[in-house]
Amino acid sequence: MPELPEVETVRRGLAPALVGATIALVELRRHDLRLPFPERFAARLQGRRILELRRRAKYLIADLDDAQSLIMHLGMSGSFRIDDETPGAFRRENGKKSAAHDHVVFHIDHGKRIVYNDPRRFGCMLLVATDEIGADKRFRDLGVEPLSDALDVPFLAGAFQGRAAPVKALLLDQRLIAGLGNIYVCEALHRAHISPLRAAGSLVTAGGRPKAPLARLPQAIKDVLSDALRAGGSSLRDHRQIDGSLGYFQHSFRVYGREGAACPTPGCKGTIARVVQSGRSTFYCPACQR
DNA sequence: CTGTGTTCCTGTTCGC
DNA sequence: TGCGAACAGGAACACA
């Protein structure tokens with residue numbers, strides 16, 4: 001369930017249960033996800049206290065009291081839930097099905113279990129020295145946080161200038177902006193009325209100045225992410241938030257998954273189209289996104 | 001360096 | 001109802 005708003009929602013849900021708590025025991029139910037778990041993963045976590053739970057891009061980072069950090073990525077289908085340790089008080093309503101892909105169980109000293117479930121196993125968990133995270137190859141090249149002041153019009157103008165790739169491809173590139181994924185890129189481009197197919201460089205003048213549509217893009221990105229965050233993220237399928245409730249931003253999608261629907265832009269008579277760009281679905285309105 | 005395509009894995013949905 | 005194909009929120013890697 002994982003673009004920036006979903007990962008941040010997970011972080012906020014887990015933080016009260018994890019920050020300041022101690023990991024009593026870790027159950028590893030397989031030796032790898034997308035990557036092998038680190039050597040002695042469970043042993044190295046046992047007895048560690050969690051000082052802080054942070055997010056960078058789509059990564060969750062738990063800083064531990066031994067100067068190491070547990071880094072977690074949810075991939076495409078990863079999720080966390082919090083269970084009571086009490087043997088009888090088993091999972092909530094839709095029980096056994098989810099247990100099939102419970103790969104990691106963190107037993108916390110206050111008597112709860114944090115369970116990581118990931119059917120497709122595209123997620124990963126790593127252990128890295130806290131002060132070396134910035135130098136790690138996964139983090140070294142990450143771009144700006146889209147909700148930070150670093151994402152502004154001049155930044156995008158500089159990044160887009162001279163680039164022939166479609167603007168959608170650049171927005172998905174984590175080395176430029178870190179945290180956007182397929183849904184929110186489609187949604188942001190619709191809000192900015194920019195065609196996802198347009199060459200990124202065509203949004204900048206020869207002199208390197210942003211053209212009018214580009215001037216709308218950073219705010220459109222921030223708006224859609226803030227709106228999604230406020231809604232607790234998007235729950236495709238039956239993905240749940242930590243507390244079991246559903247994020248509801250999927251009801252606010254203007255284009256994603258809405259092929260054939262009327263464009264929601266006021267006054268626009270267009271119909272949402274679906275095309276494939278570098279192997280992934282793009283949804284947009286050919287009438288008001290140019 | 002740039003841009004595109006493939007791959008990892010399982011589950012769900014869609015069309016016949 | 002059954003069955004195969006298409007598709008799914010990510011990102012690393014191979015290749016032209």
Side-chain angles (χ1 to χ4, degrees), chain A residues 1-11 29-36 55-60 71-80 94 96-103 116-126 136-143 146 159-188 196-202 224-225 228-229 231-241 246-253 255-260 274-283:
Chain A
M1 48 187 290
E3 295 182 41
L4 186 153
E6 291 73 40
V7 177
E8 177 61 21
T9 298
V10 169
R11 190 195 69 76
R29 301 196 173 162
R30 51 178 303 127
H31 76 284
D32 66 351
L33 295 171
R34 192 170 129 70
L35 303 171
R55 180 193 57 74
R56 169 73 169 117
K58 300 171 194 170
Y59 291 91
L60 289 170
I71 295 173
M72 299 169 280
H73 195 292
L74 304 177
M76 203 80 125
S77 60
S79 64
F80 282 98
N94 56 351
K96 47 219 160 163
K97 221 178 127 190
S98 57
H101 300 289
D102 290 349
H103 304 309
Y116 179 70
N117 182 284
D118 188 354
R120 292 177 74 179
R121 305 202 303 273
F122 286 171
C124 65
M125 293 196 188
L126 313 164
D136 185 278
K137 68 176 197 286
R138 288 179 183 72
F139 288 81
R140 196 179 43 210
D141 300 324
L142 283 178
F160 287 0
Q161 188 171 22
R163 299 295 298 270
V167 58
K168 188 203 180 195
L170 291 199
L171 294 181
L172 279 174
D173 188 341
Q174 303 298 299
R175 294 168 300 185
L176 234 202
I177 305 175
L180 296 181
N182 204 33
I183 292 178
Y184 295 105
V185 165
C186 289
E187 293 295 316
L197 307 174
R198 187 165 171 175
S202 78
V224 72
L225 294 178
L229 226 27
S234 303
S235 304
L236 270 55
R237 305 255 157 84
D238 61 348
H239 269 300
R240 281 162 189 282
Q241 306 307 326
L246 291 164
Y248 52 88
F249 189 71
Q250 66 277 13
H251 303 302
S252 300
F253 290 166
V255 291
Y256 187 83
R258 304 191 66 241
E259 182 182 15
R274 172 182 173 275
V275 296
V276 174
Q277 289 181 283
S278 48
R280 313 195 62 190
S281 288
T282 293
F283 297 91

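Just so it is clear, the values below take in all heavy atoms, side chains as well, and ignore hydrogens, waters and symmetry mates. Every chain is numbered from 1, with letters handed out A, B, ... down the list of sequences.
Counting non-hydrogen atoms under 4.0 angstrom, A/Gln174 reaches the backbone sugars and phosphates but no base. Within the nucleic acid shown, A/Gly181 comes within 4.0 Å of sugar-phosphate atoms alone, with no base atom in reach, counting heavy atoms only. At the heavy-atom level, A/Arg274 lies under 4.0 Å from the strands shown only through sugar-phosphate atoms.
Scanning for side-chain contact (heavy atoms from CB on, under 4.5 Å) contacts around A/Pro196 gives A/Lys168, A/Leu189, A/Gln277, A/Thr282, A/Tyr284, A/Gln289, with sequence neighbours left out. Legend: residues meeting salt bridge (charged side-chain N to carboxylate O under 4.0 Å, His left out) with A/Arg56, ordered by chain and number and at least two apart, are A/Glu145. Shown here are the side-chain contact (heavy atoms from CB on, under 4.5 Å) partners of A/Gln161, two or more places apart in sequence or in another chain: A/Val204. Under the rule for a side-chain contact (heavy atoms from CB on, under 4.5 Å), the partners of A/Arg30 that lie at least two apart in sequence or sit in another chain are A/Asp32, A/His103, A/Arg121. With sequence neighbours excluded, no residue forms a side-chain hydrogen bond (donor to acceptor under 3.5 Å, both in side chains) with A/Arg34. Legend: residues meeting ring-ring contact (aromatic ring centres under 6.0 Å, His included) with A/Phe283, ordered by chain and number and at least two apart, are A/Tyr256. When the side-chain hydrogen bond (donor to acceptor under 3.5 Å, both in side chains) test is applied to A/Tyr59, no partner is found at least two apart in sequence or on another chain. Residues meeting the salt bridge (charged side-chain N to carboxylate O under 4.0 Å, His left out) test with A/Arg274, sequence neighbours left out: none. With sequence neighbours left out, the side-chain contact (heavy atoms from CB on, under 4.5 Å) criterion links A/Asp136 to A/Val128, A/Arg138, A/Phe139.
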Just the table, please: protein N/O against nucleotides 2-4 of chain B N/O, every pair under 3.5 Å.
{"residue": "B/dG3", "atom": "OP1", "partner": "A/Ala164", "partner atom": "N", "Å": "2.7"}
{"residue": "B/dG3", "atom": "OP1", "partner": "A/Ala165", "partner atom": "N", "Å": "3.1"}
{"residue": "B/dG3", "atom": "OP2", "partner": "A/Arg163", "partner atom": "NE", "Å": "2.6"}
{"residue": "B/dG3", "atom": "OP2", "partner": "A/Arg163", "partner atom": "NH2", "Å": "2.4"}

Review item, nucleotides 12-16 of chain C N/O atoms under 3.5 Å of protein N/O:
{"residue": "C/dA12", "atom": "O4'", "partner": "A/Arg34", "partner atom": "NH2", "Å": "2.8"}

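In this structure, A/Arg30 places its CZ atom 12 Å from C1' of B/dC8, rounding to the nearest Å. Atom NE2 in A/His103 sits about 9 Å away from atom C1' in B/dT10, given to the nearest Å. Following rounding to the nearest Å, A/Leu4 (CG) and C/dG10 (C1') show an atom-to-atom distance of 14 Å.
Checking the phosphate oxygens (OP1, OP2) of C/dG10, no side-chain nitrogen or oxygen of A/Arg120 falls inside 4.0 Å. Taking side-chain N and O atoms only, A/Lys58 has no distance below 4.0 Å to OP1 or OP2 of C/dG9. A sub-4.0 Å separation between OP1 or OP2 of C/dA11 and a side-chain N or O of A/His73 is present. The side chain of A/His101 contributes no N or O atom lying less than 4.0 Å from OP1 or OP2 of B/dC9.
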When Watson-Crick pairs (N1 to N3 and N6-O4 or O6-N4) and G-U wobble pairs (N1-O2 and O6-N3) count only below 3.5 Å on both distances, what is the dot-bracket string of DNA chain B, with | for other-strand pairs? .|||||||.|||||||

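If you check C/dG10, C/dA8, C/dG9 against the side chain of A/Ser281, the one that comes closest is C/dA8.
Across the P atoms, B/dG11 and C/dT1 are found 22 Å apart, a figure rounded to whole Å.
Stacking of the aromatic ring of A/Phe122 onto the base of C/dG10 is found: the ring centres lie under 5.5 Å apart and the planes are inclined by under 30°.
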